[in-house]
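Inspection log for the structure reproduced underneath, given as C-alpha cells.
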Number of protein chains: 2
Amino acid sequence: MTDGHESAPTGVRRTTRQRTAVSSALAETGGFLSARDLHDRLAAQGERVGIATVYRTLASLASTGEVDVLLRDDGESVYRRCSSAHHHHLVCRECGRTEEVTGPTVEAWATAEAERHGFRDVRHTVEITGICATCTL
Amino acid sequence: MTDGHESAPTGVRRTTRQRTAVSSALAETGGFLSARDLHDRLAAQGERVGIATVYRTLASLASTGEVDVLLRDDGESVYRRCSSAHHHHLVCRECGRTEEVTGPTVEAWATAEAERHGFRDVRHTVEITGICATCTL
DNA sequence: GTGAACATGAGAATCAGTATCAACTAGCGC
DNA sequence: GCGCTAGTTGATACTGATTCTCATGTTCAC
C-alpha cells in the first residue's frame, strides 16, 4: 500500500478510448450499474475494455464526484452518473428505479446529533428503499 | 436455489453449544465484530465453532433482530448485539467506537419523501460517521 | 430410548475487487 | 511526422468474504 506500480501519477489524466467508453456507457444508462454490468454492456457493444480498467475508471470517476457509488445490500458496489450536489437516493427494491432526494432536514439532524456526541468531520449516508408506484400495480 | 439441503426448516430453532457460544461472545463485546473476528475470538476461548456456523448463526440472529448488521465500506459485514428498537449508528472512522442514535425527524422525513414519490413499504438506513472526541485529541 | 428433523464443519466453490507487470499509447517537445 | 516517457491497459493471479456441499453429529418431541 506504500508505493505500488500504478501509483505516483503526476496529476495528468489522459483521455483514452476505454475511459471514454466507460463514461458514455454510464451516461447512456440512467440507473445504477455494477462494474460487471458495465463491463458486459461494453462487451456487447463491441468495446473491449478489461474489467480491471472498468474498476479503475469507476474509482477515478467516483473520486472526482462524476459518478455516485452505492454499496448494495449484497456488498456489490453500483455506480451512476450523478449530479455532484450532495443528495440521497430513493431506490425501488423491485425494479431498481432510483430517485434523487435532498433533505436539509436530515443534513441538519445528522450534524447536530454527531456534535452532541462530540464527533467531528461528520459524513453521512442515507438510503431509502421501497416499492415504487409502478411496481405496486 | 429452489430447494437446497439446509432449507425447509419447519420453524424449530434448536439450542446448541455453538449458537450459545456465538451469542454470548457477541454479548460480551460491546462493539461491532465481523464474522472472522468472532470466529477468532471463539477459537481463542477454546470454543471450536466452524466459520460456516458462525455465519449461519449470525444470519439467523440478524433475521430475528437480535443482532444488528452493518455493511462496512470495505464490503465486510459487522455484527453487534443490539437493542431491537429501530435506531441508527454514529461510528468513529478512527477507532470504530459506535453510538446509537434515534431520529424521529429522519424517520418522518424518509417516509414523507418516499410517499411523495409514490413509494410504498419504505425502509431506510442512515449511517453517520465522524471522528469521535477521543480520537480528535 | 428412538428417530427424524435440524445443525455442524471441513473444505470446495463463488464472487467482487485488487495487485502484478509487460506491452501499449496519449500527448508533449521538437 | 518522430521520438520519448509517464500514464494506461489488460490478462491473469490473487485475496478475502461469504456461501454451498454433504457426510456426520445433536437435539428434542414422543
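Letters go in sequence order (proteins before strands), and every chain restarts at 1.
As judged by a 4.0 angstrom heavy-atom cut-off over every strand, A:Ser34 is placed among residues making no nucleic acid contact.
For A:Ser77 and C:dG17, the shortest distance from a side-chain N or O to OP1 or OP2 is below 4.0 Å. Close to D:dG10, at under 4.0 Å from its OP1 or OP2, lies a side-chain N or O of A:Gln18.
Note: B:His88 and B:His124 have tilted aromatic rings, judged against thresholds of 30 and 60 degrees for the angle between ring planes.
Rounded to a whole Å, the CG atom of B:Leu71 is 13 Å from the P atom of D:dA17. Here the P atom of nucleotide C:dG9 and the CG atom of B:Leu58 are 13 Å apart, to the nearest Å. Protein atom OH of B:Tyr55 is 13 Å distant from nucleotide atom C1' of C:dT14, rounded to whole Å. The distance between atom CD of A:Glu76 and atom C1' of C:dC15, rounded to the nearest whole Å, is 9 Å. In this structure, B:Asp74 atom CG and D:dT18 atom C1' are separated by 13 Å, rounded to whole Å. For A:Arg19 and D:dG7, the CZ to C1' distance is 8 Å, given to the nearest whole Å.
Looking only at side-chain heavy atoms (C-beta outward), A:Gln45 and A:Glu28 come within less than 4.5 Å of each other. For the pair B:Glu100 and B:His89, the minimum side-chain heavy-atom distance is below 4.5 Å.
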remark   = With sugar-phosphate taken as primed atoms, P, OP1 and OP2 and all else as base, the protein-contact string of nucleotides 25-30 of chain D at under 4.0 Å (heavy atoms; B, S, -) is -BBS--
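Judged purely by distance below 3.5 Å, without hydrogens or angles, the side chains of B:Glu76 and B:Ser34 pair a donor atom with an acceptor atom. Side-chain contact of A:Thr98 with A:Arg80: a donor-acceptor pair under 3.5 Å is absent, judged by distance alone.
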inquiry  = Using side-chain contact (heavy atoms from CB on, under 4.5 Å), reason through A:Tyr79 and A:Val54 one step at a time and then give a plain yes or no.
reply    = CA-CA 11 Å; A:Tyr79 305 80; A:Val54 173; over 6 Å; no
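Interface residues of residues 36-54 of chain B facing DNA chain D, ordered by number: B:Arg36, B:Ala52; criterion, heavy-atom separation under 4.0 Å.
Judged by distance alone, with hydrogens and angles left aside, B:Arg56 brings a side-chain donor or acceptor within reach of the base of C:dG9, the pair sitting under 3.5 Å.
The rotation axes computed at either terminus of the helix from C:dG1-D:dC30 to C:dC30-D:dG1 lie 40° apart, taking five pairs at each end and rounding to 10 degrees.
In this structure, A:His39 contributes its side chain and A:Val49 its backbone to a donor-acceptor pair below 3.5 Å. Using a distance-only test at 3.5 Å, with no hydrogens or angles considered, no donor-acceptor pair links the side chain of B:Arg19 to the main chain of B:Thr57. Using modelled atom types, one side-chain atom of B:Arg17 and one backbone atom of B:Arg48 make a donor-acceptor pair closer than 3.5 Å. Side-chain atoms of B:Thr111 come within 3.5 Å of backbone atoms of B:Glu107 as a donor-acceptor pair (strictly under, hydrogens ignored).
We find the CD-CG distance between B:Glu66 and B:Leu26 to be 10.0 Å, quoted to the nearest 0.5 Å.
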